[in-house]
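Take a look at the structure below.
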Amino acid sequence: MSIANTAAEYMLSDALLPDRKASRSKGFRLELHTDRVIKFVSVGLPLLLVSLAFARELSTGSQISCFTPTNFTAKQTVYVDKYCWDSLLHHEFDASGNPAERSLWIHKVFPYSLLVLAVAMYLPTLIWRYIAAPSLNSDLLFIIDELDKSYNRSIRLVQHIMKIQKSCPDPQIFWDEFEKARSERYFEFPLLERYLTCKQRTHYLVACYFVRNLSLLLFTVVTCLYLGHFHMTIFYQDEFACFIKTGLLKDETQVPDLINCKLVSLSIFQIISIATGVVYVLLAPVIIYNLVRLCTWDKRFLWVYEMLPAFDLLSKQMLGCPVNDLNIILLFLRANISELKSFSRLTVLCTLKDTASADQNIDTVVDFMTLLAGMDITKPKLMDGALDAAESDGTHLGAV
């Protein structure tokens, strides 16, 4: 019997989780995987494309090529190219034959608009990092520690139960006390459950998360409309008529009023705008998914931790509307699942619990570990039978 007790003690000691002091320096992931993808794509893509546009500009020099007359000097040709690029005005005649002007400045400011876009798409991340992340980090620190400590407390409780069983002279007294402790919920540690229940009544984190994703969705829609508008109005035009009778050429009588100029970098800008628009259109469903999943609970995670004493959010049907801070915390607990050392062990116990028979009455990790340690968590039948016999004898003697 001592060998069995020693083996059970070793098994329970091995089931305890190690200290977490060394892993605290890494910190928690305060962004979900989809949020990181959205951030890197929405910010990184414009920066990458604008760097390609600037590299193209540096390699080719002038961004336009004007078709100047053959009698122009080199100085006049350079002046025309510079003046037409600075003005970027297309001169044409309307339906009534009146002269009209149309600005093509989008070609000049387009690379800088991509920089503005990258900054705008990064603003929601900054808001989340400096407003919501500190509060979320403190919540995760407490909850993850408490979940692992609750698991360890359950294992130590089983060790203490075994010691009491071995030292108790009367087995019947021990099982009476054990059943009383279970019925009066002495094994439960309700601090964590009450804290999580309170988080259902707060909406600070979920409001910040909604603001972040709605801002991203708004910037994405505005960007797509911006690119679509200029594609329909300007980006299809690779040539324009430039008025050159000004400055150096103002008094030249043999110089035409208008000459045609070609935008050298238009094809690059078209590729950049189309790539940006397509990627942002594909990002929109991901952002919408981030918002929609706040309308459902991660019951798989809660179901695993139902094995802990006093963690009955599911079985007691304590979950209400999922749009609250608790749902945000559950999402980030899932993202930081590697920090939860107890999750993998409780998952194994949940799997074994499903395969156990119903008459074993396994509800929590305390019940399961007492069973693994060789203790029957129900009152022995012989003791129950002897007690019933004694009661019947007492009743019979009283009648006599």
Side-chain angles (χ1 to χ4, degrees), residues 15-39 124-157 188-213 290 293-294 297-314 318-320 322-350 364-365:
L16 289 172
L17 298 175
D19 293 335
R20 305 174 49 87
K21 296 179 181 179
S23 63
R24 280 287 170 251
S25 59
K26 297 181 180 180
F28 300 120
R29 294 178 182 173
L30 300 180
E31 284 185 320
L32 300 177
H33 297 297
T34 52
D35 294 329
R36 293 171 65 88
V37 170
I38 292 173
K39 180 183 70 174
T125 302
L126 289 179
I127 294 174
W128 175 262
R129 178 177 298 177
Y130 291 104
I131 295 181
S135 176
L136 177 63
N137 185 74
S138 62
D139 286 335
L140 292 177
L141 181 64
F142 169 75
I143 293 173
I144 289 178
D145 274 347
E146 194 63 25
L147 286 174
D148 288 346
K149 287 178 181 178
S150 297
Y151 172 82
N152 273 352
R153 283 196 294 264
S154 299
I155 301 300
R156 292 192 178 98
L157 179 61
E188 299 183 0
F189 313 100
L191 174 63
L192 179 60
E193 183 185 271
R194 292 179 181 177
Y195 183 77
L196 295 179
T197 304
C198 290
K199 282 297 175 180
Q200 291 192 77
R201 296 191 290 269
T202 60
H203 301 85
Y204 177 74
L205 294 177
V206 72
C208 292
Y209 196 73
F210 266 111
V211 169
R212 173 179 180 168
N213 285 277
N290 275 350
R293 68 176 168 177
L294 295 178
W297 291 103
D298 186 4
K299 293 188 177 181
R300 166 65 183 174
F301 181 86
L302 294 174
W303 174 76
V304 170
Y305 277 95
E306 285 280 309
M307 288 289 289
L308 291 179
F311 199 89
D312 302 330
L313 294 177
L314 281 179
M318 299 171 65
L319 298 178
V323 184
N324 51 55
D325 286 354
L326 177 59
N327 202 4
I328 293 289
I329 291 173
L330 292 178
L331 291 176
F332 281 92
L333 285 174
R334 173 69 70 175
N336 291 276
I337 204 70
S338 59
E339 298 290 332
L340 274 166
K341 305 303 180 184
S342 58
F343 182 80
S344 58
R345 303 195 182 192
L346 287 175
T347 302
V348 173
L349 294 180
C350 286
T364 65
V365 65

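Basis for what follows: all heavy atoms, side chains included, without hydrogens, waters or symmetry-related copies.
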With side chains defined as the heavy atoms from C-beta onward, is the minimum distance between [X] and [Y] less than 4.5 Å?
X    : Y    : result
E339 : L140 : no
N290 : I38  : yes
F210 : V323 : yes
I131 : V211 : no
N213 : D35  : yes
R201 : N324 : no

field: Atom of Y305, atom of S342 and distance for their closest heavy-atom approach
entry: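 Closest heavy-atom pair between Y305 and S342: OH-OG, 2.8 Å.
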query: Which atom pair, heavy atoms only, marks the closest approach of L32 to L331?
result: CD2-O, 3.7 Å
Okay, side chain of [X], backbone of [Y]: is any donor-acceptor separation there less than 3.5 Å?
X    : Y    : answer
W297 : L330 : no
N336 : R29  : yes
S138 : S135 : yes

task: Verify the ring-centre separation between F28 and F332: is it less than 6.0 angstrom?
output: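 So the answer is no for these two rings.
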- prompt: Take atom CZ in R334; do more than 12 heavy atoms of anything else shown fall under 6.0 Å from it?
  reply: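 Buried by this count: over 12 neighbours within 6.0 Å.
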